[in-house]
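First comes the structure, then the notes that go with it.
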Amino acid sequence: MPPTMDGSRLDLLRTHAERLGGVDIAQLTNGDPARAEDFALRVGPVYANFGRQGYDRDALEALFATAVARGVPAALGALFDGEPVNITEARAALHTALRSDLSDAVVARDAHAQALAAREAMRALVAALEASDVTDIISVGIGGSDLGPRLVVDALAGVGPSRFRVHFLSNVDGQAAQRVLAGLDPRRTAVVLISKSFGTQETLLNGAILRTWLDDDSRLYAVTANAGRAAAAFAIPPHRTLPMWDWVGGRYSLWSAVGLPIALAIGMDGFEQLLAGAAEMDAHVLGTAPRGNLALWHALTAVWNRNGLGLCSHAVLPYDERLKLLPNYLQQLVMESLGKSVRNDGTAVTGTVPVWWGGAGTDSQHSFFQALHQGPDVVSSDLIGVIASDTPYVENHRALLANLFAQSEAFALGQASDDPHRSYPGNRPNTLILLDALTPHSLGMLLALYEHSVYLQGVLWDINPFDQFGVELGKQVASRLLPALAGDGEVADPVTRSLLAQVRKQQQ
Ligand code: F6P
């Protein structure tokens, strides 16, 4: 069994971190001019520069050696081959089979065949809706059944010939339903209920509102791994249901029929370009030795910042308005996957996921960047930009890129001053990721890069990135409290009891 990150490998990282303790990122970059090129990788239209991280060449070698010792190449093979890498639920995590065909394993080939069949059904459904008089689509789902499609639709709106307006409804708060429905015509709207389990409270409640609002079940569709429940709860027949499978995790599912809102927003061709982009990243990650492997480099950087430097906060800063939902999407992908305190064997582990958060530049510069530059806690970041502008506003795009590059430099290098109020400590490690242009293909690559980085962080920490038991307790308590909120029954906990008393008093 290879040593875990709490064992000798972690000590090795700490030794390198201690050795580099007094060394500024400025010294690293100035003292090693080739570093700016050598610490960068390009995969198709995705370029990433790690030159402003706080490791030097020796520490980097130690990181890659750690990856090999942890069995990263074999772990990638296991993922693509459909081995039960989700060990707590004894399941495969075959999101790669939704977009690429890189494994000879029977289970992976089977999954790919099912994915292709589902894609054909999806294509027919998109064509039927395009041929109808529907103008608006409401996608109802939450978490992994919402965040990916919502991000991609927002990012790529305007690509392709689609004529639909696509709306998203996730929150159980009735305000959300009211806002989405305002101004829509039920006779020209189709509703897609997306839920892997078809047991999610928010989606069932919102689905019921929308079914009543539609007053015509013929424009109600489902995407689910539980067609039986969709049929039972909403009478949605098989020909209006697209499949999901237990071998795809919700937060890894936008490449399946869960991406139906994407296909409706940008067209089926655009959706397939997105898949092709993800497939290009899959081929790179599976087929490239550790040292040149972009996802591994990204994952090792996360591990270095967390376990070497002890950082517990990571900001995602997209410098492109179209990617403003990327932080929301990545919060689920990363924190639901890696927010674990036990290893695969159930023993305790510390120093796993940091808090991921963020916002789009340059707006964020005028909000929370002060704390990033001069706050007491160092926050690492991914800064993401797009080289080509798709607007006619050339000056704005130059300013956008100037700000992006400036922030990366200022975070890393800082600026000394005799006046402590005007001093910038620097040494805020960051990775700069550039896309040549924002297209379905390049976005697919970027999202697949993050998926693989998350998986590899899970491998390095020896934790399961595919379960999410942590979200269950709150759901159970909420179901227990529901009758009491409807005025029926008491609750045991004294604080909840006083909260309920407040509600009841105000409602009398
Ligand atoms: O938040 C917990 C969770 O189970 C996510 O993992 C999932 O993406 C989301 O709820 C929605 O689940 P479903 O697709 O089954 O409705």
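These numbers come from the heavy atoms of this one structure, side chains and all, not from hydrogens, waters or symmetry mates. When a ligand or atom number is given, it counts from 1 through the structure's own listing order.
Ranking the protein heavy atoms by distance from atom 14 (O) of ligand 1 puts Ser145 OG, 2.6 Å first. Nearest protein heavy-atom contact of atom 12 (O) of ligand 1 is Thr200 OG1, 3.5 Å. Of all protein heavy atoms, the one closest to atom 6 (O) of ligand 1 is Glu336 OE2, 3.0 Å. Atom 11 (C) of ligand 1 has as its closest protein heavy atom Ile142 O, 3.2 Å.
Between Val126 and Ala263 the shortest heavy-atom distance is CG2-CB, 3.9 Å.
Taking distance alone, with nitrogen or oxygen atoms compared against 3.5 Å, Thr203 stays at or beyond that limit from ligand 1. Inclusion of Gly144 in the set of residues having an N or O under 3.5 Å from an N or O of ligand 1 is warranted. Geometrically, ligand 1 and Ser197 share a nitrogen or oxygen pair separated by less than 3.5 Å.
Taking the charged nitrogens against the carboxylate oxygens, Glu130 and Arg123 have no contact shorter than 4.0 Å, which rules out a salt bridge. Comment: Lys324 does not engage Asp363 in a salt bridge, judged by the lack of any side-chain N to carboxylate O separation of less than 4.0 angstrom.
With a 6.0 Å cutoff to the six-membered ring centre and a 45° limit on the axis angle, Arg99 counts as a cation-pi contact of Trp255.
Side chain of Lys196 to backbone of Val223: no donor-acceptor contact under 3.5 angstrom is found.
Relative to atom 10 (O) of ligand 1, the option among Lys196, Gln332, Lys475, Gln468 with the closest non-hydrogen atom is Lys475.
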